[in-house]
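All heavy atoms count here, side chains included; hydrogens, waters and symmetry mates do not. In the text below, chain A, chain B and the rest are named by the order of the sequence lines, each starting its count at 1.
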2 protein chains.
Amino acid sequence: MGIGGVSACRDERAGMGKRATLADVAERAGMSVTAVSLVLNNREGSRLSADAQERIRAAARELDYRPNPAARSLRVGKTRTVGFVSDDVTVTRYASAMIRGALDGAEARDHTVLMAEAGNDRKRINRAVRAMLDRRPDGLIFALMGSKEIDIPAEIGDLPVVVLNGTSTGGHASVLRDEITAGRDVANHLIERGHERIALLGDVDALRRDRRLSVSIGDRFLGIESAMAEAGLAFTARHFEEDWEPEKGYRGTRALLDQGLDFTAIIAMNDRLAFGAYQAIWERGLRIPADISIASFDDDVIATYVHPGLTTVRIPYEEMGRAAMDMLLTGKPAGHLQVPMPLRKRESVADRQR
Amino acid sequence: MGIGGVSACRDERAGMGKRATLADVAERAGMSVTAVSLVLNNREGSRLSADAQERIRAAARELDYRPNPAARSLRVGKTRTVGFVSDDVTVTRYASAMIRGALDGAEARDHTVLMAEAGNDRKRINRAVRAMLDRRPDGLIFALMGSKEIDIPAEIGDLPVVVLNGTSTGGHASVLRDEITAGRDVANHLIERGHERIALLGDVDALRRDRRLSVSIGDRFLGIESAMAEAGLAFTARHFEEDWEPEKGYRGTRALLDQGLDFTAIIAMNDRLAFGAYQAIWERGLRIPADISIASFDDDVIATYVHPGLTTVRIPYEEMGRAAMDMLLTGKPAGHLQVPMPLRKRESVADRQR
DNA sequence: TCTGCGTGCTAAATCCTTTTAGCGCCGGCG
DNA sequence: CGCCGGCGCTAAAAGGATTTAGCACGCAGA
């Protein structure tokens, strides 16, 4: 039975300085530390009397007891903490949605997230991984801002790992987006609207092959082309462009138009290219979608800024982040999850007029 | 004294399963645990012989010893961990730069960052704060995606706190952006180029007053207007608009143009409004910057996507994140730091022609 | 010779929780 | 009667680091 002074001292100082420990709760409840631990963790092992349980819970509540995670993880070996290592947070603006998804997933399972940014430099990656490992997280997510294939440092050993928005050479579990279906959806959407003469803006050779550069873009092309082939169509115009920026979309579309307008729709490989296309099309006095329909990929901010709104496929960053965390926190992560990419239909696609 | 097998077991299995402990190092060096701790932490207290020191260091190196942070922080009370609570990661795309800045700052001081997202809901904020507090971080950053004034939960007690991109009602240390100077810079830039008839796009009453909505927008107006006043100028046109989206910028600018074009330049309150203005101006067959110059705020992605490039003031998110972390990790944080906002001159502003 | 002190090092306590081993008692079984 | 086993609970160990207290020894000064 506690001396009044001691418990009073702890009592009112919640949040400030010292916090109640198991021993404090035990003293207040007139029980042993073990008993308190048992009860507060609802261990089935040995049932304490209902009375004792109630006293303990009451004491814990009154003292606002919350276990010290350092002490707990020292004993148990688990930290209820997940490491989130990303190559580059700032590259893709939307990528913060990936973080959000992961954070939500962790919160739902009562874990907290340690973040680190590692860049693309191998040394810095190793340093970040060590820093994480030192904190003994229960798992690690490698988040890639451009979907790529990476090497996971061997140091990690058998710690559960999920690669987010990419794959690893070691064949670790990963979360990807379903670019094949996305490609098919975009192409089919135009085909269903009656378009038969379609131009491709942002065609490229390198990315299709090398999965170290991108594990997703190859699939995007694959999907587009399979849908075209199934409809018995081929592109009536292609503009090759590796650098998918608005400026390039603008120039590319101009070049395409110079070829004599033998298309009624454009598939742009991303929204920035599409935005450039808008400018080139406006400049010619043509109208979207009346004269030319456009569809693309990413659902970047600009897709909603422009008139008419751009029909595009959303990259489900948030869902992916969430999925990665779920994967990591439920049993042994394995396999490659493909998250569907929803088609956002806006006003840039209409039925073929001509 | 260890059976050979034990140390051999530990020896080669770095990263996997068990890791070397202080006791392992001590055993290998033939010293006491205390001695190892003393040496590895370079304690001045008692000098061990150079020979002993060398043996200890060698043993630690060979075993790839790294201290268990749980054990350490259990003893010391510090965790070398900082909590980063943000209201909403996804609202502002650029805001991820804030995260990056904070991460870099923490890395530089060998701290790791615990992230949590709290939204704007008081309950959820408290839950996030508790989750953080349970992990006993050495400090807390409250990052606000739209710069606002918030209440910091009292629970935090005397833990060092920095409010990032906002202020607290409790007067905690904070990192803000210098919107007054930014406002002045934008206005002066136009004035120096000879513009005397200037329109303001996105004027608004509410935001100017209520610091709970925004602690920065009021200053932005203040800066703009003080520079105008010093030059003896007043706006020749204003469009009021609370919702700073492209659509509204488009309509607003059309309305402004309908008033009879009595301005040669526009100050838009943000880039999205400015983007809308571009569209309205193009539609009239006018040219930027030949007929109308435009300058605005934020340096959003679209500022570089459009032609001509949009002159705007960058929000220094990354620097702010970094500054907040520096503040937190060096002594007692206090005061309000104003991070300068650089003017990005692009092609949307030219000398007055008419 | 004895005291005092600096040197080089270590045993033990401490931080807080979880887990293991087991105590004392009582009722039931053989 | 003696033994076993369940009940309700606790003492003690373990986990890995830091910190405090202090030991043994040798040397210098009185």
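As judged by a 4.0 angstrom heavy-atom cut-off over every strand, B:S49 is placed among residues touching the sugar-phosphate backbone only.
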What's the verdict on salt bridge (Lys or Arg N to Asp or Glu O under 4.0 Å) for B:D326 and B:R109, showing C-alpha distance, side-chain angles and the deciding distance?
CA-CA 9 Å; B:D326 287 348; B:R109 290 200 166 66; 2.8 Å; yes
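Of the candidates A:I156, A:D87, A:L164, A:I156 is the only one forming a side chain to side chain contact (heavy atoms under 4.5 Å, CB included) with A:F142.
Distance CG (A:L74) to C1' (D:dA13): 13 Å, rounded to an integer number of Å. Distance, B:I56 CD1 to C:dG8 C1': 11 Å, rounded to whole Å. Atom C1' of nucleotide C:dT19 and atom CG of A:L48 are separated by 14 Å, given to the nearest angstrom. One interatomic measurement links the two molecules: CE of A:M31 to P of D:dG8, which rounds to 12 Å at whole-angstrom precision. Atom CD in B:E27 sits roughly 13 Å away from atom P in D:dG16 (whole-Å rounding). In this entry the distance linking CZ of B:R75 with P of D:dA17 reads 14 Å, nearest Å. Here the C1' atom of nucleotide D:dC9 and the CG atom of A:D51 are 13 Å apart, to the nearest Å. The distance between atom CZ of A:R135 and atom C1' of D:dG16, rounded to the nearest whole Å, is 16 Å.
Contact annotation: B:Y65 reaches the phosphate of D:dA17 (side-chain N/O to OP1 or OP2, under 4.0 Å). For D:dT10, the OP1/OP2 oxygens have a side-chain nitrogen or oxygen of A:S32 closer than 4.0 Å. Phosphate contact (OP1/OP2 of D:dT18, side-chain N/O of B:S37, threshold under 4.0 Å): present. OP1 or OP2 of C:dT18 has at least one side-chain nitrogen or oxygen of A:N41 nearer than 4.0 Å.
Counting heavy atoms from C-beta on, the side chains of B:S37 and B:L40 never come closer than 4.5 Å. Using a 4.5 Å cut-off on side-chain heavy atoms (C-beta onward), A:D121 and A:I125 make no contact. When side chains are defined from C-beta on, B:K78 does not count as touching B:R72, because their heavy atoms never get closer than 4.5 Å.
Side-chain proximity of A:L38 to C:dC16, D:dT10, D:dT19: nearest is D:dT10. Counting only heavy atoms from C-beta on, A:V76 has its side chain closest to C:dT18 among C:dT18, D:dT19, D:dG15. Out of D:dT10, D:dC9, C:dT17, the shortest distance to the side chain of A:T34 is found at D:dT10. Checking D:dT10, D:dG16, D:dT18 against the side-chain heavy atoms of B:V33 singles out D:dT18 as nearest. The B:L22 side chain lies nearest to D:dT18 when the options are C:dT18, D:dT18, D:dG16. Counting only heavy atoms from C-beta on, B:R72 has its side chain closest to D:dA17 among D:dT19, D:dG8, D:dA17.
Where B:A71 and B:G30 meet DNA chain C, the nucleotide closest to each residue was compared, and B:G30 sits on the side nearer the 5' end.
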